[in-house]
Amino acid sequence: MRKNRRMNIVMLIKTSIQQAIAALYNKEISTEDLQINETKPEFTGDYTLVTFALTKLLQKKPDEIAHEIGHYLLSNDTLYTHFEVIKGFLNLTVSDQYYIGFLQQSFDHENYGQATIPPAKVMVEYSSPNTNKPLHFGHLRNIFLGHAVSAILKNAGNEVVKVNLINDRGIHICKSMIAWQLFANGATPESTHTKGDHLVGDYYVKFNDEYKEQVATLQNDGLNEEDAKKQAPILLAAQEMLRKWEAGDPETMELWQKMNDWVYAGFDVTYNKLGITFEKTYQESKTYLSGKSIVEKALANGLLYQKEDHSVWIDLTEAGLDQKLLLRGDGTSVYMTQDIGTAMLKYNDYHMNQSVYVIGDEQNYHMQVLKLILQKMKEPCADGIHHLSYGMVELPSGKMKSREGNVVDADDMVDEMTAIARKNTEELGKVDGFTDEELHRLYNTLGLGALKFYLLRVDPKKKMIFDPQESIDFHGFTGPFVQYSHARICSIMRKANAHNLNVDASQPFSLSVNEKNLLRLLEQYPVLMAQAAREMNPSVVCNAIYQVAKEFNSFLVGHSVLKAENENLKALRLQICLLCRHVIAHGLNLLGIDAPERM
RNA sequence: GGCUCCGUAGUUCAAUGGAUCAGAAUAUCAGAUUUCGGCUCUGAUGAUAGGGGUUCGAAUCCCUUCGGGGUCACCA
């Protein structure tokens with residue numbers, strides 16, 4: 001418990017400055033109003049107080065404040081060994097003793113890196129595929145984000161429920177069904193040796209090809225484009241199939257069930273390969289009706305209005321938005337209706353404080369409207385809705401458009417990454433003694449590590465470009481570099497062979513620049529994990545562990561661990577190794593990436 | 001067109017809703033290292049789209065011009 005309650009250095013500094021201000025000026029200030037930055041490397045010091053904000057309260061010039069507080073701190077608090085004032089910035093040097101003490105407390109702390117933010121029960125919905133085609137590369141950012149954010153929230157003390165919402169009904173599903181019926185001659189995943197989701201996806205593509213041809217033929221026969229698009233026989237057949245589905249036609253339901261099962265089986269294989277799991281899966285075919293009754297209730301309460309054709313609408317113009325359709329004239333539900341129903345169903349199941357939707361930013365407006373509607377309905381689930389919006393992933397060749405056929409399949413991408421991991425590893429020839437199974441697992445670990453890290457290292461809300469060549473380069477700001485650093489530490493620890501880890505703290509130490517830099521990074525880690533949780537931003541984790549890995553490699557160049565100058569120093573450096581290893585593995589784990597001991 | 005998001009080194013990304021010389025990675029160039037793993041390290045070059053404004057201080061806030069994305073469906 002003592003270890004969990006350790007106050008981080010920035011808080012310690014703020015508290016001591018707060019005391020200094022009370023003693024020197026008899027003024028009270030909240031620690032939140034104190035601005036502490038890391039000291040820039042070109043100046044002496046570890047942390048810096050920005051004094052400009054204090055000038056009003058203290059009625060003094062920045063430099064004066066900085067000097068007075070600096071002198072006070074140095075003579076009243078052993079935390080500091082030095083201070084320097086530059087243009088109103090008070091640069092403080094924290095004693096090596098503090099960092100050595102921190103290391104003693106933390107190096108073997110199993111849970112080091114846990115964050116503490118006010119805990120809550122949080123649902124995270126992610127992946128959310130359609131059952132008419134396989135997962136493609138664009139889905140991967142969503143899946144990895146959802147998985148990582150869930151782990152990050154859990155690490156911060158939240159209770160997390162991971163859910164998937166499968167869109168398994170609607171006209172797009174019927175399109176692949178009708179094409180299969182027309183062209184497949186009864187082909188199955190078994191008969192064609194094709195993964196189920198890919199097989200169904202093939203017929204979705206087939207539908208679109210056939211549709212295009214039929215439209216062209218009709219236009220040749222003299223129809224205008226608009227009519228041709230509406231009258232293509234295969235489209236009419238799909239629409240007819242949707243009506244049959246909604247009516248519960250047994251034959252249609254059977255086909256639907258069969259093809260969906262193929263897709264589910266295919267998805268399972270992919271999720272499994274990616275290491276992705278869910279606690280609960282919702283299906284829209286089972287939730288889409290519940291939205292309807294809610295809307296009808298709201299209509300009765302006068303919250304909604306009905307047009308002459310019986311369609312039901314909500315007026316959001318007061319909030320600066322539009323009017324939004326909630327039920328079609330024929331009484332069937334639309335996307336928004338389903339989402340209303342699903343949101344309430346989820347809440348009834350779990351009563352969570354917060355419900356996170358990992359959904360692309362093209363649905364920003366939709367999600368804004370969804371939340372607003374539920375708020376207007378005074379539904380308890382409304383306020384907890386949080387859209388974790390992320391930007392599109394583009395390839396260097398440009399945007400992926402399913403219509404233009406430059407979509408990269410998720411399974412193919414994973415296979416390609418794994419293959420490259422194999423190639424790179426074999427060239428280095430450092431895996432002697434691995435069994436075939438271990439090799440297979442290693443290539444998977446490295447390939448997926450590269451992919452996940454590259455997709456997670458960018459702020460989610462920004463669009464990004466995925467460059468397969470760069471991600472697998474295994475150099476620089478990449479997953480494999482971090483994994484490599486972990487394996488390197490493991491190698492040192494194996495050779496250290498359970499060496500004594502006790503540091504005699506009574507011996508005076510003086511830390512090198514690298515050692516202190518590393519300790520400073522390690523000390524900040526839990527604070528960064530809290531930030532990652534608050535912002536739901538895995539890129540914070542990527543950066544944190546990359547910094548540690550980078551600094552560690554730099555440290556190794558100038559310092560020998562196993563041949564340290566004396567036993568005490570060796571023990572200290574081994575402690576540093578252990579904590580670095582722990583932090584790297586901990587961070588990778590939050591990202592859903594394995595940390596190999598050898599590679 | 002309305003609403004909205006975004007323009008940072010050649011390229012890909014950073015910079016708590018303000019603060020000391022805008023940081024990395026990659027690429028390029030120059031070096032180090034027979035070492036605990038050469039998937040390592042050190043150094044150099046190189047950027048805030050243009051113009052105004054607010055401030056002691058702006059990549060960040062406001063206005064504007066230009067350029068790009070998204071969205072405005074009885075699709076999901």
Side-chain angles (χ1 to χ4, degrees), chain A residues 35-37 39-43 48 50-53 55 62 86-89 91 128 130 132 167 169-173 284 307 309-313 320-322 324-339 360-366 368-369 389 391-392 394 396 399 424-425 427-428 430 446 454 457-459 461-467 469-471 473-478 480-485 487-496 531 534-535 539-540 542-543 546-547 550 552-564 573-574 577 598-599:
Chain A
Q35 188 179 355
I36 304 293
N37 295 340
T39 304
K40 298 219 169 183
E42 55 268 31
F43 298 97
T48 296
V50 182
T51 58
F52 295 90
T55 51
I86 293 171
K87 291 191 199 169
F89 293 86
N91 299 331
S128 310
N130 297 347
N132 60 342
N167 184 284
R169 63 163 292 277
I171 187 73
H172 52 300
I173 309 299
E284 291 200 338
K307 289 193 178 170
D309 64 356
H310 302 302
S311 59
V312 178
W313 297 72
L321 304 177
D322 299 321
K324 197 80 190 168
L325 175 91
L326 294 183
L327 281 181
R328 295 191 184 101
D330 63 4
T332 57
S333 38
V334 291
Y335 181 41
M336 186 63 77
T337 329
Q338 291 181 166
D339 272 4
D361 60 8
E362 74 276 8
Q363 295 200 38
N364 283 354
Y365 182 73
H366 174 81
Q368 192 188 352
V369 171
S389 171
M392 286 292 133
E394 292 175 23
K399 208 175 298 178
N424 288 13
T425 305
E427 279 171 6
L428 284 166
K430 285 184 177 166
L446 297 179
Y454 199 96
R457 70 180 201 175
V458 180
D459 186 336
K461 60 178 174 290
K462 299 193 176 167
K463 69 176 182 191
M464 64 172 291
I465 294 178
F466 176 80
D467 184 342
Q469 286 308 315
E470 188 183 319
S471 82
D473 201 359
F474 291 22
H475 286 272
F477 188 18
T478 64
F481 173 71
V482 177
Q483 290 174 317
Y484 161 77
S485 305
R488 248 187 128 175
I489 301 173
C490 289
S491 168
I492 293 173
M493 294 316 296
R494 278 194 298 272
K495 291 189 171 133
Q531 184 196 337
R534 263 198 318 275
E535 298 175 1
S539 76
V540 172
C542 292
N543 270 298
Y546 170 66
Q547 292 301 328
K550 190 165 128 75
F552 184 81
N553 278 300
S554 187
F555 158 78
L556 278 192
V557 170
H559 305 69
S560 179
V561 176
L562 298 177
K563 293 177 194 156
R573 288 183 183 162
L574 283 171
C577 286
R598 295 174 60 201
M599 62 185 273

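Per chain, numbering begins at 1; letters A, B, ... match sequence-line order. None of these values were measured; they are calculated from a predicted model. All heavy atoms count here, side chains included; hydrogens, waters and symmetry mates do not.
In this structure the side chain of A:Thr337 reaches within 4.5 angstrom of the side chain of A:Val334, judged on heavy atoms. Counting only heavy atoms from C-beta outward, the side chains of A:Lys87 and A:Thr51 never approach each other to under 4.5 Å. The side-chain heavy atoms of A:Ser333 and A:Leu327, taken from C-beta on, include a pair separated by under 4.5 Å.
Nucleotides B:A27 and B:C63 have their P atoms positioned 41 Å apart, rounded to a whole Å. Across B:G52 and B:U12, the matching P atoms stand 28 Å from one another, rounded to whole Å. Going from the P atom of B:A15 to that of B:C29 covers 31 Å, rounded to whole Å. Across B:C6 and B:U48, the matching C1' atoms stand 14 Å from one another, rounded to whole Å. B:A14 and B:U8: their C1' atoms are spaced 10 Å apart (whole Å). For B:U60 and B:G17, the C1' atoms lie 8 Å apart once the distance is rounded to whole Å. Here, B:G46 and B:A30 have their C1' atoms 16 Å apart, quoted to the whole Å. Going from the P atom of B:G23 to that of B:A59 covers 12 Å, rounded to whole Å.
No side-chain N or O of A:Asn167 forms a donor-acceptor pair with one of A:Tyr335 less than 3.5 Å apart.
Protein atom CG of A:Leu325 is 8 Å distant from nucleotide atom P of B:C75, rounded to whole Å. Between the C1' atom of B:A24 and the CD atom of A:Gln547 lies a distance of 7 Å, rounded to the nearest Å. In this structure, OH of A:Tyr365 is placed 11 Å from C1' of B:U4, rounded to the nearest angstrom. Separating the CG atom of A:Asn167 from the P atom of B:C75 is a distance of 14 Å, rounded to the nearest angstrom. Atom pair A:Phe52:CZ and B:C56:P shows a separation of 12 Å (rounding to whole Å applied). Atom CG in A:Asp361 sits roughly 9 Å away from atom P in B:U71 (whole-Å rounding). Whole-Å rounding puts the A:Lys40 NZ to B:A24 P distance at 10 Å. Note: CG (A:Asp322) to C1' (B:U71) measures 10 Å, nearest angstrom.
Contact check, A:Arg573 against B:C36: no side-chain N or O comes under 4.0 Å of OP1 or OP2.
Taking the six-membered ring wherever Trp is involved, the centroid distance between the rings of A:Phe52 and A:Phe89 falls below 6.0 Å.
Counting non-hydrogen atoms under 4.0 angstrom, A:Gly170 reaches nothing in the nucleic acid. Residue-level contact check: A:Phe43 touches the bases, meaning some heavy atom is under 4.0 Å from a base atom. As judged by a 4.0 angstrom heavy-atom cut-off over every strand, A:Gln363 is placed among the base-contacting residues.
In this structure a side-chain-to-backbone donor-acceptor pair under 3.5 Å is present from A:Arg573 to A:Ser560. The backbone N or O of A:Lys461 lies less than 3.5 Å from a partner atom in the side chain of A:Asp459, making a donor-acceptor pair. Listed for the A:Arg457 side chain is no donor-acceptor partner under 3.5 Å among the backbone atoms of A:Ser539.
Across B:C36, B:U20, B:A76, the shortest atom-to-atom separation from the side chain of A:Ser560 is found for B:C36.
In terms of position on RNA chain B, the residue among A:Ile86 and A:Ser311 whose nearest nucleotide sits closer to the 5' end is A:Ile86.
Base pairing analysis places B:G7 opposite B:C66; the two distances defining the Watson-Crick or G-U wobble pair are each below 3.5 Å. Across every strand in view, B:G1 sits in a pair with B:C72 that passes the Watson-Crick or G-U test at under 3.5 angstrom. When both pairing distances are held under 3.5 Å, B:C41 makes a Watson-Crick or G-U pair with B:G31. Across all strands shown, B:A19 forms no Watson-Crick or G-U wobble pair with both key distances under 3.5 Å.
Between A:Phe552 and A:Phe555, the two ring planes are tilted [angle within 30° to 60°].
Note: A:His559 NE2 to A:Cys577 SG = 11.0 Å, rounded to the nearest 0.5 Å.
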Exercise for review: Give the B/S/- string for nucleotides 12-17 of chain B, one per nucleotide from 5' to 3', where a protein heavy atom under 4.0 Å of the base yields B, of only the sugar-phosphate yields S, and otherwise -.
Suggested key: SSS-B-
Practice item. Indicate for each nucleotide in nucleotides 37-49 of chain B, in 5' to 3' sequence, whether protein heavy atoms under 4.0 Å reach the base (B), only the sugar-phosphate (S), or nothing (-). Key: BSBSSS-------
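Donor-acceptor pairing under 3.5 Å, judged by distance alone, is present between the side chain of A:Thr48 and the base of B:U20.
What you find for A:Pro62 and A:Gly88 is that their closest heavy atoms are CB-CA, 3.8 Å.
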